[in-house]
Amino acid sequence: MRKLTLAALLGSALVATGVQAECDFDNPEPVSILANSFEAWKVVTDAMAECGNFEAELDNEFRTKQPTAFASSPSLYEIGGVSNSTITPLLNRDLIRPLDDLVAKYGDQVRPAQLIKFDGEVKAVAMMINTQHLMYRTDIFDQLGLDVPTTWHEVLRAAETIREAGVVDYPLGGTFQTGWNLGEEFVNIYLGYGGEFFNSSEPAVNNDNGVKTLELMKALTEYMDPEYLVSDSTYVQQQFQQGKIAMANLWSSRAAAMNNEAESSVVGKVGMAAAPAVVDGGKPATTLWWDGIVIAKNLSDEAAENAFRVALEGLDEDMVRKHREVAAWLVPGYEPTPLAKGAIESVQGGAPSYPSRVEIGLMHTALGNNVADFLTGKQSAEATLRAIESDYRTAAEEQGLL
Amino acid sequence: MNRKTFYLFVGPSLIMMLVFIAAPLISVFIGSFYVTRSVYEDVTVESCTPGFTTQTCTTEVRRKPIIKDNGEVLTNTVFVGLDTYRTLLQPERVKRAFTQGQWLEPFRTIDFYKALRFTVMFTLITLPFVLVVGLSIAMAVNNCVRTLRGPIIFVSLLPFIITPVIGALSIRWLFIGDGLITRGLEQLTGQDISMFAQGWTIELLMLFYRVWHVAPFAFVIFYAGLQTVNQDTLDAATVDGASRWERLRYVIVPHLQPLIIFVTMIHLMDAYRVFEEVIGFSSEAHVISLQWLTFDYLTPDDSGNRAISRASASSMLTMVGIIIILIPVLRRTWREHRTGA
């Protein structure tokens, strides 16, 4: 018995020293984070946990909880995981702490490009870029002698060739699930055509670019699984992994799954490229997203300082070296893998960032709820765009934006 | 029981009902006549987005809610009367469509009527199926060997025990693109089957799912009722030469009448709140229900906006709908109660 206790003590001592070795400082106070639930957040929060006294809550519903949790005093979570769109409600309600002083004190390892500034103040530290870009089956492209498409019209031509060759069930995959996903697809292509969503706060999608966007989306669906209106990112990822599709404009955070040997039958056969443009020589028709951390405003200075140090521990070189393939990291020390090629090329090609502002949430909802009516043939393009504008206007009036 | 004891017993549940049912209902009712808006100001902000090497910064004019000194967002609540209901019901558009003779137009284009069409249809179609399937299982179990009854009851109750959303999701996974059942059917028929590609097949799946899920409830109630059917009457009917069908029609069904009404009422109330099917089958592109509409208004978007007023109004309308659909059943029960039948 005594031996056993001794062994247990030794064991825990080893674990404890192990923890200290990983983390630069001993975290004295409890720190918690509320963030979205996907692989990158998991590895980052695991790295933060090395400092001890740390609790991570990764939840897909974080966007509903975060503003309320941060509004209480003191805030229920010290750290928040946000993206460029979910930071909007926190900024609007003034719930996050400017980080300039803390970055000056502890941020040697943070690159200036990671600092997210609003009106001159650092409000967040970004850790990764996420964007939808082209993934394609290199073996099929080689076999059929196809070039990697750079525009959506080339994608359509390649899809035609692939369909004629009959090598996969469906040449194209797409995250066209009604709702947020479908809205995002519209946003990507519409911005690719150079469209503007608003004229001050008035909606402005009922125009030529809107019609062209809808028509391109419809043309793409011809090559997709007929159940495209229920296909979300996970479904498209699985279609890829099971070798059912040959191309898709999919999130770069899904790239690693293509080479996951436990799930994928196409390991090493999926190539990454920039998102296709809509016009020859145009910018990639996709939007850039970043994910990063914020610190709650309703905290004492000591608590905020402590939380910030823990947060940086999650975004250090150690973490990024261990998990290179998980995301397109912005953290120093990151050496891109071939999986990040599509994201990097899209950024370098000048893809715009997602136009996050308070109106876009309403517009995105209106798009997500109405675009399907055109794709299923229930409505004409003009009627669909009119319905989108009228939905947006109703919602914006209720919010007080119009 | 004297009055005091009566109130002591009933009091706690009365208080609970007031706090948890009446009060929220009243607050939603009042909320549907008001709109709370944030007050926005235009600010010019410079915002920067990270890149791998450099940042892109843009300066633009943005709308930002005004923050009060105490850190809360400045809002402005106004009484709007029936305006929110008008936004939902769009009476002018309906009138225009009707005067032009396009009777079906509102049911295709206006969210509320789209949802209403599906909700009412869903409720009325599933009802007879639930009653007939429930009664059939009950009769079957009642007529089978005693030793088999236990296991059969257990198996037929299973669908009712499953959490609705989970049940809907499992049906989805069975029937989606390369689901188990779709694959089997494809191999049998040699055709490509896509149950989720068009509206009517999704609706069919939703109806099927609901009947599968609720029939066990009807079965349990009817099975209990069957135990009290007067055996002498049945025997007498047999002696008089009544066929199996006639015994069912003239002895069993009249005996179960109150239970049939009970199951009908519960099912009407339940099915009118159809929601899980829409979420489970992601049917939003083709069909939506009234409860889903309320849910959609309540769900905040990425920018944190939610439409509380429209959500309140649409849940009030759902409640009114349930009351209307229950009126025929309630009137019947009331009449029978009065005549002492």
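These numbers come from the heavy atoms of this one structure, side chains and all, not from hydrogens, waters or symmetry mates.
Of the atoms belonging to A:Lys123, not a single heavy atom falls under 4.5 Å from chain B. Within the 4.5 angstrom heavy-atom criterion, only backbone atoms of B:Phe281 (N, CA, C, O) approach chain A. Neither the backbone nor the side chain of B:Glu72 comes within less than 4.5 Å of any heavy atom in chain A. For B:Asp192, the part lying near chain A is the side chain, with the backbone staying farther off; criterion is any non-hydrogen pair under 4.5 Å.
Judged by distance alone, the side chain of B:Asp302 and the main-chain N or O of A:Gly361 form no donor-acceptor pair under 3.5 Å.
Between B:Tyr40 and A:Gly400, the shortest heavy-atom contact is CD1-O, 3.6 Å.
Salt-bridge check for B:Lys114 with A:Asp373: passed, with a basic side-chain N closer than 4.0 Å to an acidic carboxylate O.
Residues B:Ser303 and A:Arg357 bring no donor and acceptor atom of their side chains to less than 3.5 Å of each other. B:Ser282 and A:Gln177 are linked by a side-chain donor-acceptor pair at a separation below 3.5 angstrom, with hydrogens and angles left out of the test.
Taking chain B as the reference chain and counting heavy-atom pairs below 4.5 Å, the highest number among A:Ser201, A:Ala113, A:Ala372 is found for A:Ala113.
Paired with A:Val230 under the rule side chain to side chain contact (heavy atoms under 4.5 Å, CB included), one option of B:Met195, B:His286, B:Arg172, B:Glu284 passes, and it is B:Arg172.
Atoms CD and CD, from B:Gln198 and A:Glu227 in turn, are 8.0 Å apart once rounded to the nearest 0.5 Å. Rounding to the nearest 0.5 Å gives a distance of 11.0 Å between CD of A:Glu398 and CG of B:Asp83. A:Ile360 CD1 to B:Asp301 CG: the interatomic distance, rounded to the nearest 0.5 Å, is 10.0 Å.
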